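To find a chain, count down the sequence lines: A is the first, B the second, and so on, and within it residues start at 1. From a predicted model like this one, the values you see are computed outputs, not experimental measurements. The basis for the numbers below is simple: all heavy atoms, side chains too, and nothing from hydrogens, waters or symmetry mates.
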Amino acid sequence: METVGRGLLTREDFVDGPAHERSPLIFGKSEKMNEVERIVSQVANTDITVLLRGESGTGKELVAREICARSSRNDKPFVKVNCAAIPAGLLESELFGYEKGSFTGAINRKPGKFEFANHGTIFLDEISELHTSLQAKLLHVLQDNEFSRLGGDEDVSVDVRIITATNRQIEKELQNGNFREDLYYRINVVSIHLPPLRERKEDILELSEYFLRKYSAMFDKRYSCLSKTALNTLLSYDWPGNVRELENIIKKIVVLENEEFATRDIGSTSRIPVGEGNLSQNSAHGRIRLNRAGKLAAQEAEKQLIMGTLMETRWNRKKAAELLDISYKALLYKIKQSGLSRKRISV
Amino acid sequence: MENELKRSLRYQTFTSILLFEAHSRDSAGGDEHHLDVAERMATLIRKETRETDMIGKQGENIVIVVLLYSDKNVAYKVGHRLNAWLSNYLSSSGKVSHTLSVGGACFPSHATDSNSLYQRAFEMLERAKGQSGNNVQILE
């Protein structure tokens with residue numbers, strides 16, 4: 001049996017330590033991640049605005065924390081805001097705060113995230129989800145280092161380093177008019193692309209070893225090695241969920257103490273890699289395994305057929321179901337699953 | 001205070017601190033010890049503030065008051081109210097008359113960690129001591 005893992009760490013190494021916030025294994029050994037580390041080292045000690053790009057689960061937040069940790073602001077606050085997780089109507093008050101009486105329920109003055117990040121770093125995750133009205137206000141902060149609270153007339157000055165991240169093609173949002181061009185140029189001073197795990201498979205072994213030791217210590221298990229079969233399975237998978245998915249698989253292996261059961265589902269999932277949905281583009285790079293390619297192609301063909309039938313019947317779903325020889329309920333389910341809408345059909 | 005600032009960060013609220021220091025007007029200082037004055041001040045402040053506000057002591061003669069959910073405007077009002085009340089009380093009840101200086105700062109408006117917050121408030125206290133008579137200085 002070939003093994004990975006040098007030895008077990010104690011529970012305290014991970015449970016109470018800073019490992020959760022600052023992983024020692026952010027960059028790994030691959031050439032692409034070495035390049036990322038080089039750029040991080042160069043930009044860390046400046047106040048330059050950084051845009052982190054990469055698929056979900058590639059470690060954008062960890063890199064942002066690393067930039068903060070290596071900067072002169074490392075003893076100051078690091079405030080994280082997920083722009084997609086906060087409803088658009090609340091985001092302005094969350095980021096910039098509000099004055100007493102500015103809206104119903106505003107019984108007290110409230111400081112915003114920018115005030116809490118003063119002299120430190122603010123990490124704006126999923127920046128492409130930011131509403132255009134807020135983009136103008138963010139631009140004002142970037143340009144003049146000041147803003148006013150919601151409903152207030154007093155300017156609040158802040159000294160904040162801004163790090164942003166997105167897993168979407170921000171240039172497309174720019175073309176669609178969903179993202180302000182002036183803000184794009186402001187935040188895109190240094191852009192760091194974090195490669196997906198399938199493009200740096202040489203790091204899988206080291207990451208597996210690290211997570212194995214981490215979760216063995218955390219769950220008080222004595223699982224210190226993976227079998228050759230399990231390793232081969234991990235290395236042959238294309239990891240659409242990236243490092244986060246690998247971490248969860250290893251966690252599952254440690255908790256269940258059964259790697260065959262834990263790795264059984266690997267490769268059989270039919271999910272499309274996050275941030276990418278073009279089958280031909282992926283298959284051209286040889287990233288999709290044959291069984292997945294077949295499933296994706298079947299789904300795409302099904303979607304096209306349903307779309308065509310719905311257009312033919314002018315969105316008469318009952319008639320379309322008859323033509324497709326499936327039940328009405330099944331058609332509704334498939335329409336929902338494929339994300340088809342009347343608007344999309346008519347385009 | 002560290003925990004209170006963490007709580008403020010989590011719930012996005014203001015927290016202010018006020019530093020109180022009394023000085024004897026008598027150059028000889030009288031026979032009233034600084035420690036006694038600080039303890040008397042702390043007891044009086046406890047009566048005049050909310051139960052949630054925290055009171056502590058720094059060194060022999062500085063009393064610290066942590067005002068939860070209070071921005072700089074509230075800190076200024078509370079500082080003035082307590083200053084007027086305490087200075088009146090200390091001057092009338094003690095053997096030696098005192099002047100009272102108050103310095104304050106607000107989280108996160110003026111500082112985003114406990115050390116810096118105390119430092120800002122202490123600077124304001126020093127400024128208040130530089131002024132004549134009972135004085136309150138809150139960082140703008």
(Q) As a quick check of understanding, evaluate side-chain contact (heavy atoms from CB on, under 4.5 Å) for A:Glu115 and B:Gln12, giving each step before the final call. (A) CA-CA 10 Å; A:Glu115 282 180 80; B:Gln12 283 187 250; over 6 Å; no
Q) Are the side chains of A:His119 and B:Asp113 in touch, meaning some heavy atoms are under 4.5 Å apart? A) no
Q) Which heavy atom in A:Arg149 sits nearest to a heavy atom in B:Phe14, and how many Å separate them? A) NH2-CZ, 3.8 Å
**Q.** Toward chain B, the part of A:Asn108 with a non-hydrogen atom under 4.5 Å
**A.** neither
Q.
Counting only heavy atoms not in B:Arg7 (residues, nucleotides, ligands), do more than 12 fall under 6.0 Å from its CZ?
A. no
Q) Rounded to the nearest 0.5 Å, how far does CG of B:Leu9 lie from NZ of A:Lys113? A) 6.5 Å
Q: Go through the atoms of A:Lys76 and report whether side chain, backbone, both or neither lie under 4.5 Å from a heavy atom of chain B.
A: side chain
Q: List the atom of B:Ser8, the atom of A:Phe116, and the distance in Å for their closest heavy-atom pair.
A: O-CZ, 3.5 Å
Q. Checking heavy atoms, do the side chain of B:Phe107, its backbone, both or neither come under 4.5 Å from chain A?
A. side chain
Q: Check the surroundings of atom CZ in B:Arg127: do more than 12 heavy atoms from other residues, nucleotides or ligands lie under 6.0 Å from it?
A: no
Q. Is the number of heavy atoms from other residues, nucleotides or ligands within 6.0 Å of CZ (A:Phe78) greater than 12?
A. yes
**Q.** B:Asp71 CG to A:Lys110 NZ distance, which is reported to the nearest 0.5 Å
**A.** 14.0 Å
Q.
Under 4.0 Å between a side-chain nitrogen and a carboxylate oxygen: does that hold for A:Glu154 and B:Lys72?
A. yes
Q: State, to 0.1 Å, how close B:Thr112 and A:Asn118 come at their nearest heavy-atom pair, and which atoms those are.
A: OG1-O, 3.1 Å
